[in-house]
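Scope of the values below: all heavy atoms of this structure, side chains included, with no hydrogens, waters or symmetry mates.
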Amino acid sequence: MADGQMTAAAFLVAELRRARARRGWSQDELAKAVNYSASMVSAVELGQQAPTAKYLELVDRALDTGGLFGRMSTELVSLDRAQPWLRGWQAIFEQARTVRWYEPRYVPGLFQTEGYARAVFEAGGLLAPEEVERRLTDRMNRQDVLQSERAPQIVAVLDEAVLRRRVGGRKVMRDQTLHLASIATGHPRVRLHVVPQSAEEYPGLGGQFALAVLPDSTELAYLECQVRGQELDQPRDLARLQRVWEATLGEALPPQASIDFLNEVAESWS
């Protein structure tokens with residue numbers, strides 16, 4: 001996808017989100033005003049689905065923008081009518097300036113080795129072999145964003161259980177843990193922390209989440225579940241997750257101690 005194409009789509013999405021926020025409306029409130037589902041509003045603002053002309057017309061009317069989004073759609077989105085819209089977390093990640101990411105269960109997909117990712121997708125035999133291969137290729141390709149000049153600054157916190165749970169065998173776990181140590185040591189935009197088991201109970205154990213800041217200073221949170229992800233942008237939700245983040249980070253080892261710990265865990269998988 002060309003940079004200009006990405007900028008056009010991202011610009012329209014950001015302006016839709018900004019206009020709603022200026023009105024002081026949640027996604028649910030906008031959905032009611034335009035007679036669409038809240039999931040549709042969320043999908044548009046995440047870049048999961050391109051907005052139709054009718055949708056933009058109704059948003060313009062609801063937010064009293066004087067037809068702004070209809071004109072923007074004509075000028076921006078039509079630059080490439082075949083442009084694929086990004087999906088979910090990837091849409092947020094590729095636009096973000098900074099990302100704070102907490103995982104208590106699995107290694108984040110962005111940092112997974114091929115062996116680890118394959119084991120995740122093959123678990124339980126729920127996916128057909130061709131679907132496993134499709135998802136694996138997609139996950140590996142998405143990691144290219146780490147090498148991009150536009151990669152966000154990332155602070156990632158992993159619970160020690162992520163490193164101790166056997167996924168794909170001992171060699172897979174050793175390779176995966178060494179890969180994490182390599183990223184934490186050598187990537188200029190990634191800082192990685194581990195919360196040791198000695199921390200016992202702490203707020204982050206409630207579940208995975210990520211906090212992102214976009215170039216226009218919009219703050220978003222993203223939560224994963226078994227079926228689909230959920231985007232949050234309400235100040236009360238963001239404030240709560242920020243408190244959880246600070247408490248969780250406070251339990252984590254410092255960066256160098258985390259790197260040393262990763263190398264120790266890797267040796268334990270030998």
Audit row: V195, T248, side-chain contact (heavy atoms from CB on, under 4.5 Å) steps and yes/no: CA-CA 8 Å; V195 179; T248 298; 4.3 Å; yes
To the nearest 0.5 Å, tell me how far [X] [atom1] sits from [Y] [atom2].
X: S26; Y: D237; atom1: OG; atom2: CG; value: 10.0 Å
X: R97; Y: E219; atom1: CZ; atom2: CD; value: 9.0 Å
X: N263; Y: S258; atom1: CG; atom2: OG; value: 11.0 Å
X: T98; Y: I154; atom1: OG1; atom2: CD1; value: 10.0 Å

So, [X] side chain and [Y] main chain: donor-acceptor pair closer than 3.5 Å or not?
X: T218; Y: L214; value: no
X: E160; Y: Q197; value: yes
X: T177; Y: L262; value: no
X: T113; Y: Q176; value: no

Search all heavy atoms of [X] against all heavy atoms of [Y] and return the closest pair with its distance.
X: A221; Y: L241; value: CB-CD1, 3.5 Å
X: A19; Y: L63; value: CB-CD1, 3.8 Å
X: R189; Y: E149; value: NH2-O, 3.3 Å
X: V162; Y: V107; value: CG1-N, 3.4 Å
X: E224; Y: R105; value: O-NH2, 4.2 Å
X: V167; Y: A119; value: CG1-CB, 3.7 Å

Using the salt bridge (charged side-chain N to carboxylate O under 4.0 Å, His left out) criterion, which residues pair with [X]? Sequence neighbours excluded.
X: E251; value: none
X: R61; value: E57
X: R174; value: E267

Does atom CZ of F261 have more than 12 heavy-atom neighbours, drawn from other residues, nucleotides or ligands, at distances under 6.0 Å?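 Yes, the 6.0 Å shell around CZ holds more than 12 heavy atoms from other groups.
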Should [X] and [Y] count as side-chain neighbours, where that means a heavy-atom distance under 4.5 Å?
X: D260; Y: L253; result: no
X: R100; Y: E246; result: yes
X: R164; Y: S268; result: yes
X: L220; Y: R17; result: yes
X: L238; Y: L211; result: yes
X: M140; Y: E114; result: yes
X: N35; Y: L58; result: no
X: W245; Y: V155; result: yes

Evaluate the side-chain contact (heavy atoms from CB on, under 4.5 Å) criterion for residues E122 and L127: first the C-alpha distance (whole Å), next the side-chain angles of each, then the deciding distance (0.1 Å), finally the verdict. CA-CA 7 Å; E122 289 180 344; L127 299 177; over 6 Å; no
By the ring-ring contact (aromatic ring centres under 6.0 Å, His included) test, which pairs, at least two apart or in different chains, include something from residues 28-49?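 Non-adjacent pairs meeting ring-ring contact (aromatic ring centres under 6.0 Å, His included): Y36-Y55.
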Return each pair, listed once, that meets ring-ring contact (aromatic ring centres under 6.0 Å, His included) where at least one residue sits in residues 179-209; pairs must be two or more places apart or across chains.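 Qualifying pairs: Y102-F209.
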Does V59 form a side-chain contact (heavy atoms from CB on, under 4.5 Å) with L16? I'd like the steps, not just the answer. CA-CA 9 Å; V59 170; L16 283 165; 4.0 Å; yes
Under the side-chain contact (heavy atoms from CB on, under 4.5 Å) criterion, do E29 and R20 qualify, and how do the steps go? CA-CA 9 Å; E29 289 170 322; R20 174 178 58 76; over 6 Å; no
Enumerate the side-chain hydrogen bond (donor to acceptor under 3.5 Å, both in side chains) contacts for residues 129-140, please, sequence neighbours excluded, ordered by first and then second residue.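 Listed by first then second residue: Q112-R139, R118-E133, E131-R134, E131-R135, D138-R142.
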Quick one: do the D60 and T65 side chains pair a donor with an acceptor below 3.5 Å?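 D60 vs T65: donor-acceptor pair found between side chains.
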For the pair D28 and K32, evaluate salt bridge (charged side-chain N to carboxylate O under 4.0 Å, His left out) and give the outcome as yes or no after the intermediate values. CA-CA 6 Å; D28 286 341; K32 291 177 182 177; over 6 Å; no
Would you say [Y] ends up clustered with [X] if hydrophobic residues are merged whenever their side chains have heavy atoms under 4.5 Å apart, either directly or through other cluster members?
X: I183; Y: I259; result: no
X: V99; Y: L146; result: yes
X: L68; Y: L30; result: yes
X: W269; Y: F111; result: yes

